Amino acid sequence: MRYLPKSPADREAILKAIGARSIDDLFAPIPAEYRLNRDLKIPRQMAESEIVDWFRQRSKENGLDYTSFLGAGAYMHYRPVIIDSLISRGEFLTAYTPYQAEISQGTLQAIFEFQTMICELTGMEVANASMYDGSTATAEAAMMAVRVTGRSSVVVAQSLHPEYREVLATYAHHQGMPLVTGGFTDAGRLNLKELEQSITPDTACVLIQSPNFFGTVEDVAALGEIAHQHGALLVVSIAEAVSLGIVEPPREADIVAMEAQSFGVPLGFGGPYCGVIATREKFVRHMPGRLAGQTTDRNGKRGFVLTLATREQHIRREKATSNICTNQALVALMVNIFMTVYGKVGLRELAKQNLAKTAYAADQFGRHARVLFPGAPRFNEFVVETSEDPYVINSRLLGHKLVGGLPLKKFYPELGNAALWCCTEMTTRTAIDTAVGMLAESEAEEPSGEHAVEEVAR
Amino acid sequence: MRYLPKSPADREAILKAIGARSIDDLFAPIPAEYRLNRDLKIPRQMAESEIVDWFRQRSKENGLDYTSFLGAGAYMHYRPVIIDSLISRGEFLTAYTPYQAEISQGTLQAIFEFQTMICELTGMEVANASMYDGSTATAEAAMMAVRVTGRSSVVVAQSLHPEYREVLATYAHHQGMPLVTGGFTDAGRLNLKELEQSITPDTACVLIQSPNFFGTVEDVAALGEIAHQHGALLVVSIAEAVSLGIVEPPREADIVAMEAQSFGVPLGFGGPYCGVIATREKFVRHMPGRLAGQTTDRNGKRGFVLTLATREQHIRREKATSNICTNQALVALMVNIFMTVYGKVGLRELAKQNLAKTAYAADQFGRHARVLFPGAPRFNEFVVETSEDPYVINSRLLGHKLVGGLPLKKFYPELGNAALWCCTEMTTRTAIDTAVGMLAESEAEEPSGEHAVEEVAR
Amino acid sequence: MKHVTRKATRHVNQNEGLIFEKSSPGKAAWKLPLLDVPEVNTAKLLGTAERKDVGHMPEVSEIEIIRHFTRLSTWNYAIDLGMYPLGSCTMKYNPRVNEVVARLEGLANGHPYQPEKISQGALRILKTLTECLLEITGMDAITLQPAAGAHGELAGLLMVRAYHHAKGNPRKKVLIPDSAHGTNPATAAMVGYSVENLKSNERGMVEVSALEAQMNEDVAALMLTNPNTLGVFEQEIHTIAEIIHAKGGLLYMDGANMNALVGKVRPGDFGVDVMHLNLHKTFSTPHGGGGPGSGPVAVKQALEPFLPKPVVVNKSDGTLAFEYNRPQSVGRVRSFYGNFGMFVRALAYILANGPDGLRQTTEDAVLNANYIRKGLEGVYDLPYSTPSMHEVVFSDKLQAKKGVKTMDIAKRLIDYGFHPYTTAFPLIVPGALMIEPTESEGKEEMDLFVEAMKSIAEEVEEDAQTVLDAPHTTRVSRLDETAAARKPVLRWKPA
Amino acid sequence: MKHVTRKATRHVNQNEGLIFEKSSPGKAAWKLPLLDVPEVNTAKLLGTAERKDVGHMPEVSEIEIIRHFTRLSTWNYAIDLGMYPLGSCTMKYNPRVNEVVARLEGLANGHPYQPEKISQGALRILKTLTECLLEITGMDAITLQPAAGAHGELAGLLMVRAYHHAKGNPRKKVLIPDSAHGTNPATAAMVGYSVENLKSNERGMVEVSALEAQMNEDVAALMLTNPNTLGVFEQEIHTIAEIIHAKGGLLYMDGANMNALVGKVRPGDFGVDVMHLNLHKTFSTPHGGGGPGSGPVAVKQALEPFLPKPVVVNKSDGTLAFEYNRPQSVGRVRSFYGNFGMFVRALAYILANGPDGLRQTTEDAVLNANYIRKGLEGVYDLPYSTPSMHEVVFSDKLQAKKGVKTMDIAKRLIDYGFHPYTTAFPLIVPGALMIEPTESEGKEEMDLFVEAMKSIAEEVEEDAQTVLDAPHTTRVSRLDETAAARKPVLRWKPA
Ligand SMILES: Cc1ncc(COP(=O)(O)O)c(C=O)c1O
Ligand SMILES: Cc1ncc(COP(=O)(O)O)c(C=O)c1O
């Protein structure tokens, strides 16, 4: 086997040194009746070229060369090539968790910078080194709110990503954490009145997403006020990180749970992605996940270490803030490099292009179909309601190598023929025009109230 | 510009430090009348994504997804992926020529290993660090023979790659190096009788290729004997390095000029490739190109340096053995890694697969057309003569995303409708069968003398 | 410091500040394509939601970023540089072809919600990997959704709970041996189970009589690592399974140590009901400085209805599809389908090995651990003499007499050019040296390791201070972790 | 060694033997696909031509190869690690997008003989690059075939010769300033020209009166580097060109230093007839430890007929094609079309810059050289005070008094975390320190460089031995080049 660095002679020499007659001696501790005396029934050993061919074939069967309008928690942004150049360095790729700080300063300093940038972008004071993804970060943020407040229930926005809500439900189920759902208004925002009524003295937090699942920016200030008035925390989930370049961050939040996939992480059919939790300094000891901190060596030289480990499972075991151990380090490094590439000015300009593409698309779609949720600002997603079943529209598009918006009936049957469309800096005007043209085939030429949406500040 | 690490403030500060009022001050030495006071008329500054898109488009226009039977000095072999992983490390990719040995031991040791493996494979005693490509290595090998022997003319096989011959002619032209061409027999080998007659007391070397341009293995021993009898050197050019796994190396040669592209270098539309010159120890001081040698540091520790620089232009100027300076170092590193991956056993097995594919293909083609040059062993190329113009056959193949053999009339009008086909370990039986089927469309079903070729030892 | 190592030498290495310290307004590493739609008035579109300033984000050029991270990277140890003998972590070679195939465009750019019709490639990968992992574990069904080992434990215990719940009683506790990894109890707590410790016996295995005593109808499951964290195969696994099953409990296996078993024995065959795998250990996906991982959970038929959803199914037309209609499912544990990129890599690893390669891999892993054990026995205290599988655990008992602890030896090992072994656990061995070479080490590298460890042991006798002050050859000396935790500085702040 | 640098610190670094020393029969890093045609009898097919043994080639596994070359790589300095101030070498940033586009499948796997119909992508790249380079140089026609600068010189002088030959007399000699790079005279000799040295004047420029005296009808061309190797722009270029042209000679420009000119001035505009470019200098393609390069040669119209063949032409159907029917061509200088992969990279660089970026690049390159000059003037001897363009040349005159030579200072610079400057030439400056920062250095890196150079100058005064013994921080100390040349060991041999 070409990965194994031993010759038959090496194996013999080692067996001899050990004093074993054969390799079987070493497996003697396994009761004989369980030992496998046959080959595993898996494909035969393949040449590297055969492996590449096999996956190349799978790649071709997987939407290669399609242009997509899908977002919904997974966004197609341009990935600067230096991300892969850098993360492919063996010293990053093949290193373990940086517990041995003296030979892990590269990873540790990178995490420290990552934490800093996440703080800057989210408006929070501390951020961890990563969580599995946005959904689990969100669920763990809710659990953290429970720990911080000593309360047990959570009011969760219906406009939080449906799969995040599912994950939250799974996590909450056995922790005695009742969930109450808060609906949305015609503007696509959380219904504040309904919210007020849902909050009880046992509400640990109000959990929202902004921009929410429909692409609409929530009124975070108002939500923060309501939550805090009732002694609850405000937890904000962010699924589209690029929005932070142009959308005011949730400064009123107590905890931000973020999916940073947009920052340079490939769509990759859903993972690996990069969750993060950021919060106020005062809550740091309730936080899950690894943290890098600054310190000094014996000569007073600056260095970094993993710190506050007493929150973690390997120290606290059943009393830990979470069971998380392996996180998404290398993906966080991608995110880190992306943030560094775009930086202070680029992130804003990038977000602006997303905004412009989306405004143009929403406007165009609005000429032929109803664009839902006018009256509130949105980032790079919008909901289009058609008379025709969006699945039908989408199969028409598919014939032209276009993947249309996500039909929402799967998650929101009440929204009927609505679909969630996304445009990023990668979406060309041509693609938008083509998609609009194909959608228009079935829709009457009647402009919706969309033009109103374009100027929300008015 | 995103590659430039200076802010406007940095530029100001530097100008101030220098004592210049503006950048124009620094360009004052250029006579005003020549200074360019307009933008260059080249495409506007593009985003990285635009650059990638532009080249992606070019890639699509460039034979993407075609299966090819072309060889003729550029071979499609599988490239183990670790080649690119390793040569992409900045420490190899972005290093200069290793003149400063103490911080270039990585490159130097790699060259030393490269030289060793080239020696082992070619049967020579010393090898250099690389030449531009096979054609220039061949021309410089001939020039080297002139230096070694003090004679001036060269007998060159017509079965040497036609473009190598062209390059040789260009180089020879102004050096007073007459070239005499030696023809080939019906077996595709150099005509020994003719050769004997061409050699004169002024013949510095007999220059051949083996396997030659037709894929035929020359009788190197016989050629060596003839050349040496006349006090000439035997220079052997090798264009298909993979042949060295199964074909006896030209041990009788005095100089080997090699194109190592087959060893893990992408076809890349013709370059960069990797020439190498190998020779006998006694000729080393006549050799062109860089050499790495072993030495010790002040503590007696083993290390490597560039050596015998007194042969080179930077020391000897007009008296140097060659003007070569920059060589093909990174490509030589690819070759190095390829040789290391396949190693002693793999190279032989790889060559064997090439042999098997080619034998099968020649056999199949032989059922419908004439396979030329029977009676001498071949490696992975063979010449097929059809009644139909091979360009016509090839355009039929092209419609099926197959690229047929190289029509030889361009280089050898005397060979009429012959074409040079190549099969490697990458060529599938399906592709061969398809190509044979399409060629057969125009050819009568009459087996040629091909079956004889298959068993040359008989 | 008379001892010298043949493994490493000091060499000049670049310094590098924080990226923020290199920032200056107007530098940029980005450029956007021309906008092909009208510019927008952001204030008009966003109103008060418009962000005016993104904060202290860096402004640097591309070459500075390349240098920044390249320099940083040279401060790290890595598998690519040498042996990484972290016990329980299975730091094996991460094949590069895995990285290549994971980046193939259709796989890297596939959107998780793209129509199944154009997702057959990804679905086929899920399916093929599933089949391979089931064959390897001997289990009946699997979910690939969990993002890491601990996440797999969560999914697994959720299924355990759902199973018992479906039977009418979710039960109250989970038994966990005292040698277990910290995630085991942490996970049990997250699923609402109380943790009951199970003592190991003097051979480092589950004390069957104690288990028998502790097992009752309140116990939902035993979470067993096998081979356990001492590298010891639980030889009485059959009895253990019987005891658990007899009381209606389930046997959960933490599969972190599957590298000792693949192709040689299957957990499904020896009574395991639920288990997770770590694709980032056994199946060669890179650790990447701490992640990402992937923690598939395989179960026996009885637990199949409770798998997280969706699951992959064959459709009548021969295509593959996601099935969401799973009424008994524990629900989702992660958005989308898990760390898909890791599935690609793990499958590439399996295909590169085949049945023969996987078996040889396991054999070599066990061979290596025993070679190291042989080499260091007597030099370091071996608290349990039970046969070792893929790893061996020593203790610092002999060195502690001189005041030298496992962490000191670990730090000194750095000077010898090695990454240290695991020091943090198993807790049943005070001052543990937990060593797992994996199959990826050749004889030469292991000989150097043994030589280094012996040399350190000698140093402890001759000159303990050198060991206590280690490392001496790194760009920073021993870092003050206590100070870091006392007054945490968790981010850079502008001066 | 009281001086410390802020630039670098020593760090633990892996040792590694020769790959042959790791070989053992039966290890393998390869595996071939299943053979889908019948096996062959090699003896039957090849007879006596069959090779039985490929010699002492290594047998190692994949992880050993990864570690081997990864470890080796960590012994190298590189642009990615820091400033590489090699004068005349233009060690600038090598953008990573260049590497990505060069590896796009159609480009990387294109066969040079594939039909032109399916080579339009590659042809378009050749054409677009050609157009850009002609606009940048102000010349009329170009060949991309030469594989490096020296190879470009060869092609260029061949054209010069063919041009004169066509006029009836190939002429006899080439004038070359004494400051020239070694390839210039070496090339002239290869083309059958004798070399006549041209003295520089006290300002470091061509002495016009001397040129006038030496120029005659025997002179085929003047080979001029401009800016020359002192980094000085030949201000009397116009007169120089006139003198040459007046006698029917041609002005050849070695374009190694185009990084000082791009977007600011065009050689075609100031009288150059032939010139080569170094894509591996000015146009950012990586040096790769010594190559590959690419040395396109641009010419004025009068030389166009002599270009190496083939050339790229527009066909009437709008497609591009290679034209081989070039009766006056000097012939081929290389197989196929040159180092195509470098064209892709160079073009990607040009597109990333655009007109504004290229101009700014040149300005920054000149700005940087002048900043360094300012920083070190007085500390090191500046033999020519003429204004510097993209590089500056000091001498070791001041330090030589203490017995310290440019090479010693260079070696000491290594300890300060930098790659040395060029020491080998220009020969007109004894003990030259030839420093070219390029545009890729920021102020911080240059400040550290100046600080280091100043510190070394102080050390020379205070403790010259430290400098003479340098480097002190590398894994090997100063290597014995004399011994290496005296008894060359050019390959490993089995014991
Ligand atoms: C025995 C054992 N169980 C569980 C885990 C946790 O796995 P993960 O880090 O993938 O969450 C580990 C990780 O080191 C482990 O060694
Ligand atoms: C001034 C000058 N001319 C010519 C050359 C030779 O170029 P190449 O190394 O590409 O052959 C160099 C290379 O360093 C140079 O500096």
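Given the structure is predicted, the values throughout are model-derived calculations rather than measurements.
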- Task: Find the one option among B:His314, B:Lys41, B:Lys301 whose heavy-atom pairs under 4.5 Å with chain D are most numerous.
- Result: B:Lys41
- Message: Using a strict threshold of under 4.0 Å (side-chain N to carboxylate O), is an ion pair present between B:Arg44 and D:Asp356?
- Response: no
- Message: If I measure from the heavy atoms of chain D, does B:Thr307 come under 4.5 Å with its side chain, its backbone, both, or neither?
- Response: side chain
- Message: Between D:His68 and B:Leu86, does the side-chain contact (heavy atoms from CB on, under 4.5 Å) criterion hold? Intermediate values first, please.
- Response: CA-CA 10 Å; D:His68 182 69; B:Leu86 289 168; over 6 Å; no
- Query: With chain D, which of B:Gly90, B:Pro266, B:Gly343, B:Gly268 has the greatest number of heavy-atom pairs at distances under 4.5 Å?
  - Reply: B:Gly268
- Query: Taking NZ, NE, NH1 and NH2 as the nitrogens, is one of them in D:Glu50 or B:Arg348 under 4.0 Å from a carboxylate oxygen of the other?
  - Reply: yes
- Would you say the side-chain atoms of B:His174 pair up with the backbone N or O of D:Leu158, donor to acceptor, closer than 3.5 Å? no
- Message: Please classify the contact between B:Val341 and chain D as side chain, backbone, both or neither, with a heavy-atom cut-off of under 4.5 Å.
- Response: both
- Task: Measure distances from B:Thr136 to the heavy atoms of chain D and classify the residue's part below 4.5 Å as side chain, backbone, both or neither.
- Result: side chain
- Expected output: side-chain B:Thr170 to main-chain D:Arg332 donor-acceptor under 3.5 Å: yes
- Under 4.5 Å to a heavy atom of chain D? For B:Leu26 that would be both
- Does any heavy atom of chain D fall under 4.5 Å from the side chain of B:Leu291, the backbone, both, or neither of them? side chain
- Closest non-hydrogen atom pair between B:Gly271 and D:Arg334, with its separation: CA-NH2, 3.7 Å
- Message: Can you give me the closest heavy-atom contact between D:Gly357 and B:Gln45, atom names plus distance?
- Response: N-NE2, 3.8 Å
- Query: OG1/B:Thr116 to CG/D:Leu490 distance, rounded to the nearest 0.5 angstrom?
  - Reply: 9.0 Å
- Considering only heavy atoms from C-beta outward, does the side chain of B:Ser88 approach that of D:Arg103 to under 4.5 Å? yes
- Item | Atom group of B:Val167 that falls short of 4.5 Å from chain D, counting heavy atoms | both
- Heaviest contributor of heavy-atom pairs below 4.5 Å to chain D, chosen from B:Ile82, B:Asp10, B:Ile14, B:Thr428, is B:Ile14
- Query: Who are the side-chain hydrogen bond (donor to acceptor under 3.5 Å, both in side chains) partners of D:Glu441, not counting sequence neighbours?
  - Reply: C:Arg67
- Any idea how D:His151 and B:Tyr132 line up, ring-wise: parallel (<30°), tilted (30 to 60°), or perpendicular (>60°)? tilted
- Item | Stepwise salt bridge (Lys or Arg N to Asp or Glu O under 4.0 Å) test for D:Asp480 and B:Arg298 | CA-CA 7 Å; D:Asp480 191 340; B:Arg298 292 187 174 184; over 6 Å; no
- Task: Could you tell me how the ring of D:Tyr84 sits relative to the ring of B:Tyr96: parallel (under 30°), tilted (30 to 60°) or perpendicular (over 60°)?
- Result: perpendicular
- Item | Which of B:Ala127, B:Ala169, B:Gly245 touches chain D most, by non-hydrogen pairs under 4.5 Å | B:Gly245
- Proximity breakdown for B:Lys6 and chain D, heavy-atom pairs closer than 4.5 Å: side chain
- Message: Assess the residue pair B:Val126 and D:Arg491 against the criterion (side-chain contact (heavy atoms from CB on, under 4.5 Å)); give the C-alpha distance rounded to whole Å, side-chain angles, the decisive distance to 0.1 Å, and a yes or no.
- Response: CA-CA 7 Å; B:Val126 287; D:Arg491 55 153 299 176; 5.7 Å; no
- dist D:Asn339:CG -> B:Asp133:CG (nearest 0.5 Å) comes out at 8.0 Å
- Considering residues at least two apart in sequence or located in another chain, which fulfil the side-chain hydrogen bond (donor to acceptor under 3.5 Å, both in side chains) criterion with D:Asn370? none
- At a heavy-atom separation under 4.5 Å, does B:Val217 approach chain D through its side chain, its backbone, both, or neither? side chain
- Item | Test item: B:Phe269 and D:Ser119 side chains (from C-beta on) under 4.5 Å apart, heavy atoms | yes
- Where B:Leu330 and D:Pro292 come nearest, the two heavy atoms and their spacing: CB-CD, 3.9 Å
- Residue, of B:Gly106, B:Ser104, B:Ser322, that accumulates the most heavy atom pairs under 4.5 Å with chain D: B:Gly106
- Donor-acceptor pair, side chain of B:Glu102 and main chain of D:Leu479, under 3.5 angstrom: yes
- Message: Counting only non-hydrogen atoms closer than 4.5 Å, does B:Pro80 touch chain D with its backbone (N, CA, C, O), its side chain (CB onward), both, or neither?
- Response: neither
- Proximal component of D:Pro38, with respect to chain B [non-hydrogen, under 4.5 Å]: both
- Query: Tell me, do D:Trp492 and B:Gln115 make a side-chain contact under 4.5 Å, heavy atoms counted?
  - Reply: no
- Item | Atom pair CG/CD of D:Asp80 and B:Glu91 - distance to nearest 0.5 Å | 7.0 Å
- Winner by heavy-atom pair count (cut-off under 4.5 Å) against chain D, out of B:Glu50, B:Arg316, B:Glu61, B:His173: B:Glu61
- Query: Can you tell me how far OG of D:Ser73 sits from CD of B:Gln105, rounded to the nearest 0.5 angstrom?
  - Reply: 13.5 Å
- So do the side chains of D:Thr474 and B:Asp297 get within less than 4.5 Å of each other, counting heavy atoms only? no
- Query: Which pair of non-hydrogen atoms, one from B:Leu333 and one from D:Phe69, has the smallest distance, and what is that distance?
  - Reply: CD1-CE2, 3.9 Å
- Query: What part of B:Tyr99 is in contact with chain D, defined as an atom under 4.5 angstrom from a non-hydrogen atom: side chain, backbone, both or neither?
  - Reply: backbone
- Query: Does the side chain of D:Tyr77 reach to within under 4.5 Å of the side chain of B:Gln100, using non-hydrogen atoms?
  - Reply: no
- Engaged part of B:Met117 at the chain D interface, taking heavy atoms whose separation is under 4.5 Å: both
- Message: Looking at every non-hydrogen atom in both residues, tell me the closest pair between D:Leu35 and B:Ala356 and how far apart they are.
- Response: CD2-CB, 4.0 Å
- Task: With a 4.5 angstrom heavy-atom cut-off, could you sort out which part of B:Val52 is near chain D: side chain, backbone, both or neither?
- Result: both
- Query: What is the ring orientation for D:Tyr93 with B:Tyr3, classed by angle as parallel under 30°, tilted 30 to 60°, or perpendicular over 60°?
  - Reply: perpendicular
- Message: Is there a side-chain contact between B:Gln353 and D:Pro33 in this structure, where contact means two heavy atoms from C-beta onward sitting under 4.5 Å apart?
- Response: yes
- Do B:Leu267 and D:Phe340 come close enough that some side-chain heavy atom pair is under 4.5 Å? no
- Apply side-chain contact (heavy atoms from CB on, under 4.5 Å) to D:His238 and B:Tyr34, showing your working. CA-CA 10 Å; D:His238 187 64; B:Tyr34 298 131; 2.3 Å; yes
- Which heavy atom of D:Leu367 sits nearest a heavy atom of B:Ile23, and at what distance? CD1-CD1, 3.9 Å
- The interface call for B:Ile51 against chain D, heavy-atom contacts under 4.5 Å, is both
- Query: What distance do B:Leu64 atom CG and D:Leu104 atom CG have between them, rounded to the nearest 0.5 Å?
  - Reply: 9.0 Å
- Trace of the side-chain contact (heavy atoms from CB on, under 4.5 Å) decision for D:Leu45 with B:Ile246: CA-CA 11 Å; D:Leu45 285 176; B:Ile246 195 89; over 6 Å; no
- Item | Under 4.5 Å from any heavy atom of chain B - which part of D:Met190 | both
- So, do B:Phe27 and D:Glu363 sit near enough that their side-chain heavy atoms are less than 4.5 Å apart? yes
